[in-house]
Amino acid sequence: MKLIEKMKSRLADLLGTIPEHKGDAVDSVLSHLLESDPGLNFTRAARVNERPGFTRVVRAGITYYAKRECKVLNPFKEGGNGVYFVKGCNDDPTGIFFTDTFNVDDVEYSDAIAAYLFAYGIPRDDLVMVPITFWPRTYERTPENIAALRAVGAPLPNEGL
């Protein structure tokens, strides 16, 4: 079954078919953007082209790591200390979104989706925001960095209590 879904997805990529979103968060943000400016035109998000290695992201004195192909969706965000991955399905590219805290509200979620649409295009699946610290290799695991992450309320499921 997964093979058939992958084949359908690849064929849709080749044909340039725009993914349909009905009733999900992407549909809501996309509808709002198109109502406010009917001249906008979003294409299908390209597939992930993974390259070896990671890039270092320093935010509020805390060091994180992300794959090189990840784009920062709001690079001019000042203040705050939250860092999130914005992701659809495995075939969709991943973005990095800076937030004020490690608690995302509806406005930030909508802003992240809009930034993703402008940076990558329409994803194949609905988008989710996951704190970058959910994976152990996405932040520097020094005692100082972990203490700083705890101080700002970052979820650290890999560090125990």
Side-chain angles (χ1 to χ4, degrees), residues 1-2 4-51 53-60 62-135 138-139 149 152-155 157:
M1 193 63 151
K2 282 191 173 193
I4 292 171
E5 291 301 317
K6 277 192 170 229
M7 290 172 56
K8 282 182 182 178
S9 179
R10 295 271 181 192
L11 182 59
D13 284 347
L14 291 171
L15 296 174
T17 307
I18 303 298
E20 288 188 31
H21 291 273
K22 292 188 179 175
D24 62 11
V26 171
D27 177 46
S28 173
V29 172
L30 187 60
S31 297
H32 175 74
L33 289 172
L34 293 174
E35 284 173 12
S36 63
D37 186 354
L40 289 175
N41 186 17
F42 295 99
T43 61
R44 182 183 186 90
R47 284 190 178 274
V48 177
N49 184 13
E50 291 193 8
R51 301 175 303 197
F54 292 86
T55 188
R56 189 171 189 250
V57 178
V58 178
R59 174 106 170 116
I62 301 171
T63 303
Y64 304 94
Y65 296 99
K67 292 182 179 180
R68 289 186 181 186
E69 61 273 3
C70 293
K71 291 180 185 176
V72 175
L73 301 175
N74 58 341
F76 302 110
K77 167 80 171 139
E78 293 183 11
N81 48 36
V83 182
Y84 280 78
F85 284 129
V86 181
K87 180 81 174 140
C89 70
N90 286 336
D91 291 335
D92 288 323
T94 300
I96 298 171
F97 194 80
F98 299 139
T99 61
D100 291 328
T101 65
F102 275 97
N103 293 315
V104 175
D105 60 23
D106 290 341
V107 173
E108 285 178 319
Y109 182 47
S110 294
D111 290 346
I113 292 171
Y116 187 98
L117 290 169
F118 284 109
Y120 292 115
I122 301 173
R124 289 157 186 76
D125 203 354
D126 200 12
L127 295 172
V128 296
M129 290 182 72
V130 181
I132 195 169
T133 56
F134 269 27
W135 293 273
T138 57
Y139 55 92
L149 285 164
V152 297

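These figures come from a predicted structure and were not determined experimentally.
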Open item on the list: Let's go through Val48 and Lys67 carefully: what are the C-alpha distance in whole Å and the side-chain angles of both, what is the deciding distance for side chain to side chain contact (heavy atoms under 4.5 Å, CB included) to 0.1 Å, and is it a yes or a no?
Closed with: CA-CA 11 Å; Val48 177; Lys67 292 182 179 180; over 6 Å; no
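- Residues Tyr139 and Ile62 fail the side-chain proximity criterion, which asks for heavy atoms closer than 4.5 Å.
- Within 6.0 Å of the CG atom in Asp106, the count of heavy atoms belonging to other residues, nucleotides or ligands does not exceed 12.
- A distance of 6.0 Å separates CD of Glu108 from OG1 of Thr101, quoted to the nearest 0.5 Å.
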Open item on the list: Working note: Tyr64 + Thr133, criterion side chain to side chain contact (heavy atoms under 4.5 Å, CB included); need CA distance, chi angles, decisive distance, verdict.
Closed with: CA-CA 8 Å; Tyr64 304 94; Thr133 56; 4.1 Å; yes
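- At least one donor-acceptor pair closer than 3.5 Å links the side chain of Asp92 to the backbone N or O of Arg124.
- Of all heavy-atom pairs between Leu73 and Ala112, the closest is CD1-O, 4.1 Å.
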TODO: With side chain to side chain contact (heavy atoms under 4.5 Å, CB included) as the test, would you mind laying out the steps for Lys87 and Val130 before giving the verdict?
DONE: CA-CA 8 Å; Lys87 180 81 174 140; Val130 181; 6.0 Å; no
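- When each of Asn74, Ile113, Val104, Val83 is checked for a side-chain contact (heavy atoms from CB on, under 4.5 Å) with Phe97, only Asn74 meets the rule.
- The side-chain heavy atoms of Pro123 and Asp91, taken from C-beta on, include no pair separated by under 4.5 Å.
- Arg56 places no side-chain N or O within 3.5 Å of a backbone atom of Ala66 that could act as its donor or acceptor partner.
- A donor-acceptor distance shorter than 3.5 angstrom exists from the side chain of Tyr120 to the backbone of Lys71, with no hydrogens or angles considered.
- The minimum heavy-atom distance between Leu127 and Gly88, with the atom names listed, is CD2-N, 3.5 Å.
- Considering only heavy atoms from C-beta on, Ile122 comes within 4.5 Å of Leu117 through its side chain.
- For the atom pair Glu35 CD and Leu30 CG, the distance stands at 10.0 Å (nearest 0.5 Å).
- Looking at heavy atoms from C-beta onward, Phe85 lies in side-chain contact with Trp135 at the 4.5 angstrom threshold.
- For Asn90, the CG atom sits in a loose shell: 12 or fewer heavy atoms of surrounding residues, nucleotides or ligands are nearer than 6.0 Å.
- At least one donor-acceptor pair closer than 3.5 Å links the side chain of Arg51 to the backbone N or O of Arg68.
- Ala45 and Pro93 get closest at one heavy-atom pair: CB-CD, 4.1 Å.
- Looking only at side-chain heavy atoms (C-beta outward), Tyr109 and Val29 stay at 4.5 Å or farther from each other.
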Task: Candidate pair Thr138 and Phe54, rule side chain to side chain contact (heavy atoms under 4.5 Å, CB included), full reasoning - done: CA-CA 9 Å; Thr138 57; Phe54 292 86; over 6 Å; no
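- In terms of the salt bridge (Lys or Arg N to Asp or Glu O under 4.0 Å) criterion, residue partners of Lys77 (sequence neighbours excluded) are, by chain and number, Asp100.
- Rounding to the nearest 0.5 Å places CG of Leu34 at 6.0 Å from CZ of Phe42.
- Note: Phe102 and Tyr84 have tilted aromatic rings, judged against thresholds of 30 and 60 degrees for the angle between ring planes.
- Checking side-chain atoms of Thr94 against main-chain N and O of Cys70 turns up no donor-acceptor pair under 3.5 Å.
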